[in-house]
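Working notes, beginning with the structure itself.
The figures that follow rest on heavy atoms only: side chains count, while hydrogens, waters and symmetry mates do not. First the proteins, then the strands, lettered A, B, ... as listed; each starts at 1. As the structure is a computational prediction, the values presented were derived from the model and not from experiment.
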There are 2 protein chains.
Amino acid sequence: MELPGKTVERLSQYRRILYDSIREGKNYIYSHELAKMMNLTSVQVRRDLMLIGYSGSQSKGYVIKDLVALIGKIIDSDQGQHIIIVGMGNLGRAITSYFAGKRDKLVIVAAFDNDLQKTDRIVAGIPCYHINKLREVVEAEKVSIAVLTVAPEATHDVAKKLMEAGVKGILNYTSVPLTVPPDVYLEEYDIVTSLEKLAYLVKS
Amino acid sequence: MELPGKTVERLSQYRRILYDSIREGKNYIYSHELAKMMNLTSVQVRRDLMLIGYSGSQSKGYVIKDLVALIGKIIDSDQGQHIIIVGMGNLGRAITSYFAGKRDKLVIVAAFDNDLQKTDRIVAGIPCYHINKLREVVEAEKVSIAVLTVAPEATHDVAKKLMEAGVKGILNYTSVPLTVPPDVYLEEYDIVTSLEKLAYLVKS
DNA sequence: CTTATATTGTGAAACAAATAGCAACACCAC
DNA sequence: GTGGTGTTGCTATTTGTTTCACAATATAAG
Ligand SMILES: NC(=O)c1ccc[n+]([C@@H]2O[C@H](COP(=O)([O-])OP(=O)(O)OC[C@H]3O[C@@H](n4cnc5c(N)ncnc54)[C@H](O)[C@@H]3O)[C@@H](O)[C@H]2O)c1
Ligand SMILES: NC(=O)c1ccc[n+]([C@@H]2O[C@H](COP(=O)([O-])OP(=O)(O)OC[C@H]3O[C@@H](n4cnc5c(N)ncnc54)[C@H](O)[C@@H]3O)[C@@H](O)[C@H]2O)c1
């Protein structure tokens with residue numbers, strides 16, 4: 001099954017919101033309720049759920065627990081996936097402390113830097129190694145995903161090392177665009193671009 | 001002129017890359033060169049430039065300085081725009097220290113928090129006020145854009161205050177989806193969603 | 001001058017995503 | 001049970017974006 005990228009993103013967010021609903025004691029939810037919480041239309045919610053083959057009851061809506069379980073089946077790997085943070089500066093540390101313990105199936109197992117002040121210590125609760133131990137740790141810990149938060153000038157070099165070490169997904173937060181071969185997945189996000197887009201919109 | 005959102009985002013990135021090229025002493029650039037640096041196709045670059053009405057020379061390509069100036073005319077306001085950071089936690093501080101002095105036309109003028117440890121001091125180079133001074137400062141400094149990095153449970157409440165104070169663009173980094181009226185522009189980004197999307201892609 | 005080559009600019013086709021429209025169904029009030 | 005209401009599930013349509021294909025043009029080499 002080949003899901004549209006946007007649908008996968010929304011599934012991740014549905015799940016987070018559904019966890020909150022479970023915590024509030026809800027068992028069922030209607031498409032329009034979920035839509036409202038996510039600021040989209042009920043049609044879109046239903047279409048996403050149709051794509052993953054989930055059916056609700058016409059009177060009670062969707063069974064939250066079942067839906068959460070199905071989304072988990074689609075997004076999570078059975079054994080979970082291991083993540084590393086590469087570049088333990090301000091942003092790397094913020095992400096690490098935020099993410100720690102948030103998800104069962106996605107675990108930050110290590111961080112890397114080339115600044116000796118930061119290496120061979122626990123930083124933000126995670127062991128931080130020197131970048132030249134990258135390959136070793138990636139192989140030992142079976143790391144599949146890396147978050148790239150190094151200084152911009154190191155981006156290409158470090159990305160190359162990541163791919164050589166066998167990382168299959170890169171989340172690039174540096175301001176430098178990356179190119180990856182087809183067997184590696186890349187997501188990029190740049191805060192300056194978002195701000196400039198807002199500036200353009202607000203201006204008009 | 002109504003530009004596609006994706007085009008606006010790329011224009012912001014073209015400009016950043018073009019600044020680097022100017023620094024390296026280049027005066028002209030071809031669509032395929034720019035495309036390669038941004039990891040997209042030359043057709044797409046040309047299409048974007050066509051949309052903003054910029055023409056290059058068939059032999060030398062595009063005049064970098066002119067192109068940068070035109071992108072500036074489209075994205076920037078003449079007087080510039082003022083930005084605030086709301087929620088001076090790990091992420092808010094990382095963004096502030098990163099952004100400081102990066103752009104002429106987009107200036108972070110203040111930060112806000114409700115933690116008395118952080119307020120009425122300079123944090124990461126920016127004055128940090130108590131959240132109850134929000135309206136006052138927004139009006140005095142003519143703030144048009146806010147970056148929202150407060151704790152998740154405060155999101156709706158603070159967003160409401162921002163809009164009441166007259167902010168027209170919100171960049172929401174909390175994990176809580178927001179709804180805004182049509183005269184306010186909203187961009188949202190969530191790191192957990194990106195990681196889960198990567199997890200989905202890598203898994204398959 | 002003529003030809004080969006490299007480039008830009010753009011209409012049209014293809015693709016991706018969001019939205020509309022509606023049939024089918026379950027439930028409730030009476 | 002019958003009619004009204006609110007819901008899901010699905011197909012068709014619309015909208016937005018990217019890619020294809022190629023005409024037009026400038027330059028350089030022969
Ligand atoms: N902080 C933000 O809000 C923000 C926003 C957008 C983009 N970025 C980008 O994210 C990246 C990190 O930003 P930051 O604010 O954390 O910067 P930072 O300077 O605080 O952190 C960069 C870290 O990378 C490490 N590093 C440098 N070269 C390295 C190498 N070769 N190998 C391993 N580690 C190396 C440095 O030692 C440092 O710890 C930058 O590329 C920046 O452009 C940051
Ligand atoms: N750090 C990350 O990488 C990351 C990633 C994704 C999302 N987020 C989201 O970004 C937000 C901030 O993350 P963080 O890691 O910086 O958390 P943090 O706890 O370090 O910072 C939150 C800040 O908001 C302030 N705050 C709380 N309530 C407030 C209120 N009513 N008014 C003003 N200020 C208030 C707190 O005093 C604190 O300084 C959170 O919503 C989090 O979910 C963070």
Side-chain angles (χ1 to χ4, degrees), chain A residues 1-14 18 21 26-64 66-67 70-71 177 179 182 185-188 193 197 200-201 204, chain B residues 1-14 18 21 26-64 66-67 70 177 179 182 185-188 193 197 200-201:
Chain A
M1 183 168 47
E2 197 53 35
L3 255 22
K6 293 289 176 72
T7 294
V8 175
E9 292 173 17
R10 281 190 298 265
L11 288 174
S12 159
Q13 295 175 317
Y14 294 154
L18 291 173
S21 300
K26 272 185 86 121
N27 291 313
Y28 293 89
I29 195 165
Y30 294 120
S31 60
H32 68 257
E33 295 177 293
L34 192 45
K36 184 150 193 214
M37 292 191 264
M38 294 235 346
N39 192 25
L40 27 90
T41 67
S42 62
V43 182
Q44 188 154 58
V45 171
R46 291 203 300 276
R47 195 165 112 324
D48 285 335
L49 300 192
M50 191 191 89
L51 288 174
I52 63 172
Y54 185 71
S55 273
S57 127
Q58 273 135 358
S59 46
K60 297 183 171 174
Y62 303 96
V63 181
I64 299 181
D66 293 356
L67 182 49
L70 179 58
I71 294 175
T179 316
Y185 296 94
L186 175 68
E187 294 281 309
E188 303 192 271
T193 299
K197 186 180 181 188
Y200 166 82
L201 292 169
S204 61
Chain B
M1 184 167 47
E2 196 53 33
L3 254 22
K6 295 287 178 73
T7 294
V8 175
E9 292 172 17
R10 282 191 298 267
L11 287 174
S12 157
Q13 295 175 317
Y14 293 153
L18 291 173
S21 300
K26 272 185 86 121
N27 291 312
Y28 294 89
I29 195 165
Y30 294 120
S31 60
H32 64 87
E33 297 177 291
L34 192 45
K36 184 152 192 213
M37 292 190 264
M38 294 234 346
N39 191 23
L40 30 88
T41 68
S42 63
V43 181
Q44 189 155 56
V45 171
R46 292 203 299 278
R47 170 75 51 183
D48 286 334
L49 300 192
M50 188 190 98
L51 289 175
I52 63 172
Y54 185 71
S55 273
S57 125
Q58 273 132 359
S59 46
K60 297 183 171 173
Y62 302 95
V63 181
I64 298 181
D66 293 355
L67 182 48
L70 180 57
T179 316
Y185 297 93
L186 174 68
E187 295 280 309
E188 303 192 270
T193 299
K197 185 180 182 189
Y200 167 82
L201 292 168

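With values rounded to the nearest 0.5 angstrom, I71(A) atom CD1 is found 12.0 Å from R10(A) atom CZ. Expressed to the nearest 0.5 Å, how far CD of E188(B) lies from CG of N39(A) amounts to 7.0 Å. Here OH of Y54(A) is found 8.0 Å from CG of L70(A). Values are rounded to the nearest 0.5 Å. Interatomic distance, L34(B) CG to L18(B) CG, rounded to the nearest 0.5 Å: 5.5 Å.
Within residues 49-61 of chain B, the residues having any heavy atom closer than 4.0 Å to DNA chain D are, in order of number, Q58(B), S59(B).
Residue R10(B) has a polar side-chain atom (N or O) positioned under 4.0 Å from OP1 or OP2 of dT18(D).
Atom OH in Y30(B) sits about 10 Å away from atom C1' in dA26(D), given to the nearest Å. Separating the CG atom of D48(A) from the P atom of dG9(D) is a distance of 13 Å, rounded to the nearest angstrom. Atom OH of Y28(A) is separated from atom C1' of dT8(D) by 15 Å (rounded to the nearest Å). Counting to the nearest Å, the C1' atom of dG6(D) and the CG atom of L34(A) are 17 Å from each other. Atom-to-atom, CZ of R46(A) to C1' of dC22(C) comes out at 11 Å; the value is rounded to the nearest Å. At whole-Å resolution of the value, CD in E33(B) and C1' in dA6(C) are 12 Å apart. Whole-Å rounding puts the K36(B) NZ to dA6(C) C1' distance at 17 Å. Rounded to an integer number of Å, the gap from CD of E9(B) to C1' of dT18(D) is 15 Å.
Residues E187(B) and L201(A) are in side-chain contact: their nearest non-hydrogen atoms beyond the backbone lie under 4.5 Å apart. Within the 4.5 Å cutoff, the side chain of D48(B) has heavy atoms near those of the Y14(B) side chain.
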*Please assess S21(A) against E33(A) for the test side chain to side chain contact (heavy atoms under 4.5 Å, CB included), listing each intermediate value before the final yes or no.*
CA-CA 11 Å; S21(A) 300; E33(A) 295 177 293; over 6 Å; no
What's touching nucleotides 14-16 of chain D from the protein side, N or O pairs under 3.5 Å?
none

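The side chain of K6(A) sits closest to dA17(C) out of dT19(D), dT19(C), dA17(C). Distance from the side chain of H32(B) is smallest for dT7(C) among the nucleotides dA21(D), dA20(C), dT7(C).
Applying the side chain to side chain contact (heavy atoms under 4.5 Å, CB included) test between S31(B) and each of R46(B), K36(B), R47(B) identifies R46(B) as the sole match.
For Q44(A) (side chain) and T41(A) (main-chain N/O), no donor-acceptor pair under 3.5 Å exists by modelled atom type.
Residue-to-nucleotide contacts include no donor-acceptor pair under 3.5 Å from the side chain of R47(B) to the base of dT17(D).
Contact annotation for T7(B): no contact, since no heavy-atom pair falls under 4.0 Å across all strands.
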